[in-house]
Amino acid sequence: MRNLRLDICYEGTRYKGWQRLAGTDNTVQQKLETVLSRILGETVEISGSGRTDAGTHALGQVANCHCNSQMPTEQILSELRRYLPEDIGIYSVRNVSPRFHARLNAKTKTYCYRLWNSDAPCVFERKFVSIDPRPLDMAQMEKAAAHFLGEHDFSAFCANKKMKKSTVRFIHSLRIERINNEVRFTVTGNGFLHNMVRILVGTLLEVGRGERSAESIPDLFGAERARAGALMDACGLCLMEVTY
């Protein structure tokens, strides 16, 4: 049995997230499984590197699946590009080791959150940015961001109240940069909890607006969800890269 790796991008605006859900076929995973099963002539289940929320995008999603078909990878790629909707794209299809698993073998994931920080119109990027025109203190946000680096208990940054697994994660880097009217938050870690990046950004924005201090960030580790900042809109979030 073959193991195929798919490198994927998608605009998540109209989908209910990556993960297959009961009662709807409007998820990225379901769309891919439906088309790929039809192409290969067998039922295929896909494992993604991780879930992305409803409305969240991806430039660097990775998935894998096992199949019996011996169709060449070049033909599979061509057929996927032909039949998938225009908001789901496939960069490549490759044969990989039978033991490769897109989620279990992932070492780091990088997300970027984009904020339109201006009252000027944002017509053409509106599906990919959250909008907040209020002034931000970049220096204070960068100071706060430094506290997130390393290993911490991110329970306060998890929207899943029934989370039974460990909420400890390791953040390798967290960069904040302003590009004209846009502020970008790029974070790399060994894994992320449900809504973690969106809550993390919401917390940093509260620092930027002077609603909480940069020095208060360490007090949030291991705390309850209510202690951290607001959950930001999903449209500003994009999965950029997964490393193995």
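Numbering of residues begins at 1 and proceeds along the displayed sequence. Keep in mind that the numbers below use all heavy atoms, side chains included, and drop hydrogens, waters and symmetry copies.
- Membership of the apolar cluster around Tyr91 extends to Leu59, Met240, as traced through chained side-chain contacts below 4.5 Å between ILVMFWY residues.
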**Request:** Go through Ser78 and Glu74 one step at a time and tell me if the side-chain hydrogen bond (donor to acceptor under 3.5 Å, both in side chains) criterion holds.
**Result:** CA-CA 6 Å; Ser78 177; Glu74 296 83 358; over 6 Å; no
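- The distance from atom CG of Leu4 to atom CG of Asn95, rounded to the nearest 0.5 Å, is 5.5 Å.
- Environment of CD in Glu45: sparse, with no more than 12 heavy atoms of neighbouring residues, nucleotides or ligands closer than 6.0 Å.
- For the pair Arg126 and Trp116, the minimum side-chain heavy-atom distance is 4.5 Å or more.
- Residue Arg51 is tested with His194, Gln29, Gln19 for a side chain to side chain donor-acceptor pair (under 3.5 Å); the sole match is Gln19.
- With a 4.5 Å cut-off on side-chain heavy atoms, Phe157 and Arg169 do not count as touching.
- Leu237 is listed as a side-chain neighbour of Tyr111, based on a closest heavy-atom distance under 4.5 Å.
- Rounding to the nearest 0.5 angstrom, the gap separating the NE2 atom in His57 from the SG atom in Cys112 is 11.0 Å.
- Within the 4.5 Å cutoff, the side chain of Leu193 has no heavy atoms near those of the Asn160 side chain.
- The shortest distance between side-chain heavy atoms of Thr188 and Glu241 does not fall below 4.5 Å.
- Separating the CZ atom in Arg81 from the CD1 atom in Ile76 is a distance of 13.0 Å, to the nearest 0.5 Å.
- In this structure, the side-chain hydrogen bond (donor to acceptor under 3.5 Å, both in side chains) partners of Glu215, at least two apart in sequence or on a different chain, are Lys143.
- We find the CG-OG distance between Leu220 and Ser155 to be 9.5 Å, quoted to the nearest 0.5 Å.
- Applying the side-chain hydrogen bond (donor to acceptor under 3.5 Å, both in side chains) rule to Asp53 yields the partners Asn195, Arg198; only residues at least two apart in sequence or on another chain are considered.
- Ring-centre distance between Tyr10 and Tyr15: not below the 6.0 Å cut-off.
- Using a cutoff of 4.0 Å between basic side-chain nitrogens and carboxylate oxygens, Arg94 and Asp7 are scored as salt-bridged.
- A distance of 6.0 Å separates OG1 in Thr108 from NE2 in His172, rounded to the nearest 0.5 Å.
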